[in-house]
Amino acid sequence: MDMKYPFDEFEREVRQKLAERGYPNAKIEEPKEEIADLAFPCFHLSKIFKKPPDKIAEDIAKNIGHGKWIGKVEAINGYVNFHINIKELANVVKEVGKDFGKGKKKNITVIVEHTSANPTGPLHIGRARNPIIGDSIARILKFGGYDVKTQYYVDDMGKQVAILLWGIKNLKIRSDEKRLHYKYVKFYQEAAKLMEEDEKIRDEISNIIKKCEEGDKKVLEEIKKVYKPVLNGIIESLHQINISIDEFVEESKFVINGDVYNIINKLASLKYAKKDGRAIYLDLEDFGIHGRSKKFFLTRSDGTSLYAARDIAYHIWKGERADMLIDILGEDHKLEAEQVRIALKLLNEKLPEVVFYSFVSLPEGRMSTRRGKVIYLDDLIEESIERAKKEIRNRNMGREKIDYISQNVGIGAIRYNIIKVNPDKSIVFKWEDALNFEGESAPFIQYAHARCCSILKKAEIKEKSNYSFNHPSEIKLIKTIAKFPNFVRKAINNRNPAIVAEYAYKLASDFNAFYRDCKVIGSKEEQDRLALVNASKQILASSLNLLGIEALEEM
RNA sequence: GGGUCCGUAGCCUAGCGGAGAAGGCGGCAGCCUUCGGAGCUGCAGAUCAGGGGUUCGAAUCCCCUCGGGCCCGCCA
């Protein structure tokens, strides 16, 4: 059994009471918090009973009575409004610890695939949305009781990486760039340009791809040697923003072990399979894909496999290793993901859930590595940490502490600013927003946490058997704290970390209001309030951890 | 041409069938007789892109139009 959480118990009781009065499966809703904790609208009953909604609500409210969790019931404007019993709720402060909000162990394994960027250059801020979403989802699912592993699918045999290899072997480019992967990206860019202009180069690159397909060990080794430093650079950037990936899976694996060709053969035997010259494709007309998009190519006419075909093999392989698959993909992959999904369905294989995110662009327009219109993640990180350092450098702290704090504030700000917006909204990157340390931002939340710590350091908590809260700001805060498990659940169900981000901000904001209105140390409610501060601290820390942001004790 | 997502105050975002549309940034005016000012309070600012429809009730659901992103490659 999951732990019992107050707002679940409260809702259960409300539903039970309504069912007893003849309203089973009632549609109840959560109104604005100033109004009530739960409400039952009676408008739809008006026709049935031939009475105005107000009257119906009044009749119901009169007959409900109190309960363990129901404190007050009243009828207003055609709603039956339920208020949670604060006396009962107050004692959750005793339950709130690190595990508050955690789901029970589910024995469900999940593979979250994220980032999977081509190892041909450093991550730019557009691609950074992927790992930040993926890592946060992985953290939230783990907290919810799932066994989660993250994977990065390394494209070590596509055109991109072949272009990079060709460039490094054939071009001479001078660069004073010290970091190897930054140097390499220049080779890639130049090679890609030359390839477009020159058919001979195009053939040479095709030849590299063909060799890979044949499982040519020497070429695959050469490729690995070139992409490895680039991938290491990416791993390092990710590490900086608190992201580490459990497993790296090379695409070539599925060509070498024959999976790709077995799958292509299987698909080629289906009635949807057709040929264009010697290239094999699936006709997806019957699956609701029309127009030019309906041809889903699996092979080139030279017999080599295409990315999407290999992706099918990868998904089947993943499906054998986990109960649930989640992919984080940019919206540009929507069609490809749908095609892969249809193929997997035809093969009767496990289907992935895909979380898509919209693009990050610059005020001048789309990011483009070619035209040099990019902002690299590393530069953002550096700038953000620098900005955080400026804020605290005059404080009386050791250098190590200053570094530690500015590191975590800077990174927190980056992660928060990206994760707080729903993935389906596009983002126009602006430095002033990305480096915002005020208001709806990580530092704001971290600051509230540090305040909690500071208060707790100055006083001693003594356990009480019964807690009570009376000030409106105390009540608002304890309610928000108690709702944490509900928000975690919602974030899991929607696969959306933005829900946790928004919650964390509200918690911090409610804590600040409490801090403003209620003196803790030296007050006659000191012990009750210390318990409330401690609970706030715990949940602020839990929320931040779910987003991969460090809960700082001082800043 | 086909598909898909988005359009909420100057800017960014929440709400996605129910009760004066909720926050942040920016602007203006305030709050240090000390529990951390990366904070707090107040003010100004919204035909919820536009038009139809469904409903007792629509920012929210359906249709159309307009604007923008992304895709429609034997690239990944």
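Naming convention: chains lettered A, B, ... in sequence-line order (proteins, then strands); numbering from 1 in each chain.
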Does G39(B) count as syn, meaning its glycosidic angle lies within 90° of 0, or as anti?
anti
Listed nucleotide nearest any side-chain atom of Lys458(A), set G24(B), C70(B), C35(B)
C35(B)
Hey, what's the ring geometry for Phe254(A) with Trp317(A), parallel, tilted or perpendicular (30° and 60° as the breaks)?
perpendicular
Map every base of RNA chain B to its dot-bracket character, where paired means a Watson-Crick or G-U wobble contact with both distances under 3.5 Å and | marks a partner outside the strand.
(((((((..((((....[...)))).(((((.......))))).....(((((..]....))))))))))))....
Under 4.0 Å between a Lys/Arg side-chain N and an Asp/Glu carboxylate O for Lys224(A) and Glu250(A)?
yes
Between Ile209(A) and Glu553(A), whichever has its closest RNA chain B nucleotide further toward 5' is Glu553(A)
Could you give the distance separating U54(B) and A59(B) at their P atoms, to the nearest angstrom?
16 Å
Sub-4.5 Å side-chain heavy-atom contact between Ser368(A) and Val374(A)
no
Measure from the side-chain heavy atoms of Glu331(A) and tell me the nearest of C70(B), G1(B), A38(B).
C70(B)
State which of C71(B), A19(B), C12(B) makes the closest approach to the side chain of Lys430(A).
C12(B)
From the list U8(B), C56(B), C40(B), which nucleotide is the closest neighbour of the side chain of Phe43(A)?
C56(B)
Using the side-chain heavy atoms of Lys519(A), tell me which of these nucleotides is nearest: A14(B), A38(B), C35(B).
C35(B)
Answer yes or no on whether Lys334(A) is positioned over the face of Phe356(A), meaning its NZ or CZ is under 6.0 Å from the six-membered ring centre and within 45° of the axis.
yes
What orientation do His333(A) and Tyr307(A) show, parallel under 30°, tilted 30 to 60°, or perpendicular over 60°?
perpendicular
Just checking Tyr307(A): base, sugar-phosphate only, or nothing, at a heavy-atom cut-off of under 4.0 Å?
base
Report yes if some heavy atom in the side chain of Phe469(A) is under 4.5 Å from a heavy atom in the side chain of Leu477(A); otherwise report no.
no
Suppose the criterion is salt bridge (charged side-chain N to carboxylate O under 4.0 Å, His left out): which pairs have a residue in residues 36-47 of chain A, not counting sequence neighbours?
Asp37(A)-Lys479(A)
Picking from C70(B), U4(B), C6(B), the nucleotide nearest the side-chain atoms of Lys425(A) would be C6(B)
Ignoring the backbone of Glu440(A), work out which of C5(B), G24(B), C75(B) is nearest its side chain.
G24(B)
Take atom CZ of Phe437(A) and atom P of G37(B), then tell me their distance rounded to the nearest Å.
19 Å
If you take atom types as modelled and just measure distance, does the side chain of Asn422(A) reach the base of A14(B) with a donor-acceptor pair under 3.5 Å?
no
Can you figure out which of G2(B), G39(B), C12(B) approaches the side chain of Arg451(A) most closely?
G39(B)
Using the glycosidic torsion, which applies to C35(B): syn (within 90° of 0) or anti (everything else)?
anti
Establish whether the base of G26(B) is bridged to the side chain of Glu432(A) by a donor-acceptor pair shorter than 3.5 Å.
no
Could you check whether atom CD of Glu34(A) has more than 12 heavy atoms from other residues, nucleotides or ligands sitting under 6.0 Å from it?
yes
Note: contacts of residues 504-516 of chain A with RNA chain B (heavy atom, under 4.0 Å) are Tyr505(A), Asn512(A), Tyr515(A), Arg516(A)
When you get a sec, tell me which of C70(B), C72(B), U4(B) is the closest nucleotide to the side chain of Lys334(A)?
U4(B)
side-chain N/O Lys159(A) vs G73(B) OP1/OP2, d < 4.0 Å:
no
Taking the side chain of Leu306(A) as heavy atoms from C-beta outward, which of C74(B), C71(B), A38(B) is closest to it?
C74(B)
Relative to each other, are the rings of Tyr23(A) and Phe49(A) parallel, tilted or perpendicular (30° and 60° limits)?
perpendicular
Pair Asp327(A) + Lys318(A), salt bridge at N-O below 4.0 Å:
yes
